[in-house]
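See structure below.
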Amino acid sequence: MPVRRRPHAVRPHPCGNRNRLWCQARKRERDAVRILRIAATVEAVSLTILLTNLLTIHAKPITSLAGPLHGMAYVTVIVAASAAQAAKGVRWRALVPGVGGLLALRHLHTTQNG
């Protein structure tokens, strides 16, 4: 006896009745915020690793690994904050070394939610 499957529900377009260009811009904005969130986390964690290493054993391999990682995360935060132009002041907050990405994310979150 064959198994009867339920018919698939037709899902509405994720952008509703908006046009396609608006939908693409919204997707780029979400992608930029996602990249900003990841890069801000990597930036803060790598800074913590660098400062902990500096205050404790000062191992050169840790510095040579975490230093460039922190630098690339910092540049990625600046680029992603420039791409996420949802709120004023996000780009300026992203320029703060070490915690700029977290500040930019917090500013984005507060301006979008209230």
Side-chain angles (χ1 to χ4, degrees):
M1 178 173 239
V3 178
R4 297 185 78 191
R5 294 185 183 181
R6 292 175 40 196
H8 289 39
V10 177
R11 289 184 283 169
H13 194 270
C15 295
N17 293 330
R18 307 278 183 171
N19 63 12
R20 190 172 48 119
L21 293 176
W22 184 87
C23 188
Q24 289 172 351
R26 183 74 178 130
K27 183 182 180 314
R28 279 194 302 267
E29 180 76 21
R30 284 192 311 266
D31 291 344
V33 171
R34 184 179 306 140
I35 291 170
L36 178 61
R37 188 176 302 120
I38 293 167
T41 304
V42 171
E43 180 187 21
V45 168
S46 63
L47 179 65
T48 304
I49 290 170
L50 284 170
L51 291 177
T52 304
N53 184 41
L54 181 65
L55 296 174
T56 56
I57 58 176
H58 198 65
K60 186 159 177 62
I62 294 175
T63 305
S64 64
L65 179 68
L69 180 67
H70 176 71
M72 286 304 297
Y74 177 60
V75 171
T76 305
V77 162
I78 293 171
V79 171
S82 297
Q85 299 174 359
K88 273 188 163 182
V90 172
R91 205 174 305 156
W92 292 108
R93 284 169 175 77
L95 292 175
V96 176
V99 294
L102 298 175
L103 292 174
L105 280 173
R106 181 177 176 191
H107 185 68
L108 269 174
H109 181 69
T110 56
T111 54
Q112 288 176 350
N113 293 339

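The figures here come from the full heavy-atom set of this structure, side chains too, leaving out hydrogens, waters and symmetry mates.
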Answer yes or no: is there a donor N or O on one side and an acceptor on the other, between the side chain of [X] and the main chain of [Y], under 3.5 Å?
| X | Y | answer |
| --- | --- | --- |
| H107 | K88 | yes |
| Y74 | A94 | no |
| N53 | A59 | yes |

Can you list every pair that meets salt bridge (charged side-chain N to carboxylate O under 4.0 Å, His left out) and has a residue in residues 32-50, with sequence neighbours left out? D31-R34
ILVMFWY network linking I62 to V45, side-chain heavy atoms under 4.5 angstrom: yes
Please find the pair of heavy atoms, one from [X] and one from [Y], that lie closest to each other, and give the distance.
| X | Y | answer |
| --- | --- | --- |
| G101 | A40 | C-CB, 3.5 Å |
| A39 | A73 | O-CB, 3.8 Å |
| P68 | T63 | CD-O, 4.0 Å |
| P61 | S64 | O-OG, 3.0 Å |
| G98 | L47 | CA-CD2, 3.5 Å |

What distance do H70 atom NE2 and L51 atom CG have between them, rounded to the nearest 0.5 Å? 8.5 Å
In Å and rounded to the nearest 0.5 Å, what is the SG to CZ distance from C23 to R28? 10.5 Å
Option passing side chain to side chain contact (heavy atoms under 4.5 Å, CB included) with R93 (candidates V77, L103, L102, L108): L103
side-chain contact (heavy atoms from CB on, under 4.5 Å) with A66: which residues, sequence neighbours excluded? I49, L50
